[in-house]
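Each remark here refers to the structure printed beneath this line.
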Amino acid sequence: MATPTKPKRRPRIIVGSAKAAVGSAIYLDDRLPFGRWLRPQLRKLFPSHWSFLLGELALYSFVLLVLTGTFLTLFYKPNPDVAYESVVEISLEVRGGLLMRQLHHWSATVFVLAIVAHMCRVFFTGAFRRPRELTWMLGVLLFGLALFESFLGVSLPADQLALTGLRQAQGVLLSVPLVGTYLSAFAFDGEFPGQVIPRLFALHVLLVPGILLAVVPLHALILTWRQKHTERRATAAGEHQVTGGPFFPYFAVKNAATALFTIAAIALLATFVRVNPVWEHGAYRPGAQPPSAQPFWYAGVLDGAQRLVPAWEIPVGGFVLQVGLWIPPLILLAFFGLLLVYPFVERRYTGDRDVHHLLDRPSQAPVRTALGVAVITFFTTLWAGTWVSAAPPAMHSAPGLPPPPPAPPALLTVPPDTYALIVGGLRAAVFVLPVVAFLVTRAICRRRSA
């Protein structure tokens, strides 16, 4: 007869831990009914097409953005006198500081790029229609906040490049009739640059991220989870029939893989692609030549529009109205305003008030698709205004004085006469190319849907 042996210590620990976990789960479920809520949520079906993960790319880059920004906040000094020195110290002396700055930069870039790609997917497939108008409007708000947050972040290093951009923003504020000087004094606390760095820091670290942290879960989790997801017509069984894979483990595994891929891609970019070397730009010196740099692709639209709009001035009652400076910001304001209310505009135009869960193919909505392509063409043409610069004139110093420093190199410079021809051609293209793109795209879509 065999004598029973006492279990070893390690199996007893495993069995005891399992019993404790089960007991704790039952205890919590009796008092907080997680099981009844969690069980159907884990079985909720999600789509399988890769385009539905564009929003997740933005979400995970935003998470990395918050983490790296928290690290940089520990070392950055938002004092106008030492802000530049603190950024140089983070880059060259803090262990891992330059990598964190690069990660923060590329996270912001991927964040904005993923938002644009996600919005294009939603727009061209009609996923913004009823009952998802509020989700679309929150997405437009996130897009605008992301662009504003990026502008604040680029200005915080307080180097020659950053404060030159702020100087241009101050010029736009000063051009506003009657209240321009008050707006500038409120933003900069007196003469430029004043106390603008601490104010930008408060906006960049507290106000705008706080709004983002409130809007992102509402847009990406709460509304999306409560509503039935949209489906592609090629794989859908019906307008009101749900297809896809369950959240756990199918969609959870895909999300985890997407998160790892996003973080790995951003880490590779941050490791091998250097951006914004502030120690080469130097601290801000009034009147000094700004370093040659190409604006970010999402900021280049505004910069290109400022180059293409003529310097129109209208004298009125002893005042000179700088109309040329107002047009680019007004274009962006009109664009975001129209984007915000577009679901209601299309509903009014088409008379379609039905609930939609199936996505359109772009060819099934010729006018909408053509309008989207025309808008993309319009902003790409504006952005093209930043690709070429006029060669600066030769500088000569007076006898007995040291020669002036050479002008910073640009990406693509042409003679002034050639630059004037290019600007004139782009001014005409701004009005011609979007119309051509609209007509050609609409004709192609109608032919494909016939």
Side-chain angles (χ1 to χ4, degrees), residues 69 72-73 76-87 104-105 108 112 141-212 215 276 278 281-288 290-291 293 295-296 298-307 309 311-313 319-337:
L72 297 175
T73 304
Y76 179 74
K77 301 178 179 62
N79 188 313
D81 299 327
V82 297
Y84 168 75
E85 286 77 10
S86 70
V87 175
H104 194 67
H105 166 87
V112 178
L141 177 62
L142 283 174
F143 184 30
L145 288 173
L147 294 180
F148 182 57
E149 179 78 344
S150 67
F151 171 74
L152 297 175
V154 169
S155 304
L156 286 180
D159 59 334
Q160 187 68 33
L161 180 63
L163 291 190
T164 299
L166 277 178
R167 191 67 163 174
Q168 293 177 344
Q170 188 204 25
V172 175
L173 289 178
L174 289 173
S175 68
V176 178
L178 301 178
V179 297
T181 54
Y182 298 102
L183 293 176
S184 176
F186 175 77
F188 294 91
D189 192 21
E191 295 294 330
F192 184 87
Q195 296 297 316
V196 69
I197 296 299
R199 299 184 177 194
L200 294 182
F201 180 76
L203 292 174
H204 183 71
V205 175
L206 296 176
L207 181 60
V208 179
I211 300 175
L212 287 172
V215 176
N276 199 13
V278 294
H281 301 162
Y284 176 70
R285 292 177 292 114
F296 297 129
Y298 47 83
V301 171
L302 185 59
D303 188 78
Q306 289 176 335
R307 298 189 187 191
V309 174
W312 288 325
E313 297 180 352
F319 296 93
V320 178
L321 303 182
Q322 304 286 342
V323 181
L325 291 177
W326 305 344
I327 293 178
L330 290 177
I331 290 175
L332 288 184
L333 287 176
F335 168 70
F336 274 98

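Panel note: side chain Q322, backbone V172; no donor-acceptor pair is recorded below 3.5 Å. Judged by distance alone, the side chain of S184 and the main-chain N or O of G180 form no donor-acceptor pair under 3.5 Å. Side chain of Y284 to main chain of Y84: no donor-acceptor pair is present (N/O by atom type, distance under 3.5 Å, no hydrogens or angles).
Taking all atoms of both residues into account, the shortest heavy-atom contact from G171 to L325 is O-CD1, 4.0 Å. Closest heavy-atom contact between S86 and Y76: OG-CD1, 3.5 Å. Among all heavy-atom pairs drawn from P157 and V87, the shortest one is CA-CG2, 3.7 Å. The two residues V309 and G324 make their nearest non-hydrogen contact at CG1-O, 3.5 Å. Across all their heavy atoms, L200 and S155 have their closest contact at CD1-CB, 3.7 Å. Here the shortest heavy-atom pairing between W312 and I327 reads CZ3-CD1, 3.6 Å.
Within 6.0 Å of OH in Y182 there are 12 or fewer heavy atoms belonging to other residues, nucleotides or ligands.
For the pair N79 and I197, the minimum side-chain heavy-atom distance is 4.5 Å or more. Side-chain contact between P177 and W326 is present, with heavy atoms from C-beta onward closer than 4.5 Å. When side chains are defined from C-beta on, F201 does not count as touching L152, because their heavy atoms never get closer than 4.5 Å. In this structure, D159 and N276 have side chains that are in contact, with non-hydrogen atoms separated by less than 4.5 Å. In this structure the side chain of L332 reaches within 4.5 angstrom of the side chain of L302, judged on heavy atoms.
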- request: Could you give me the CA-CA distance, side-chain angles and deciding distance for D189 and V196, then say whether side-chain contact (heavy atoms from CB on, under 4.5 Å) is met?
  value: CA-CA 7 Å; D189 192 21; V196 69; over 6 Å; no

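Remark: F188 CZ to L183 CG distance equals 10.5 Å, nearest 0.5 Å. The distance from the CG atom of L212 to the CZ atom of F148 is 11.0 Å, given to the nearest 0.5 Å. Annotation: the span from F192 atom CZ to L163 atom CG amounts to 5.0 Å, rounded to 0.5 Å. Between Q306 atom CD and I331 atom CD1 the span is 10.5 Å, to the nearest 0.5 Å.
Ring geometry, H104 versus H204: the interplanar angle exceeds 60°, so the pair is classed perpendicular (tilted spans 30 to 60°).
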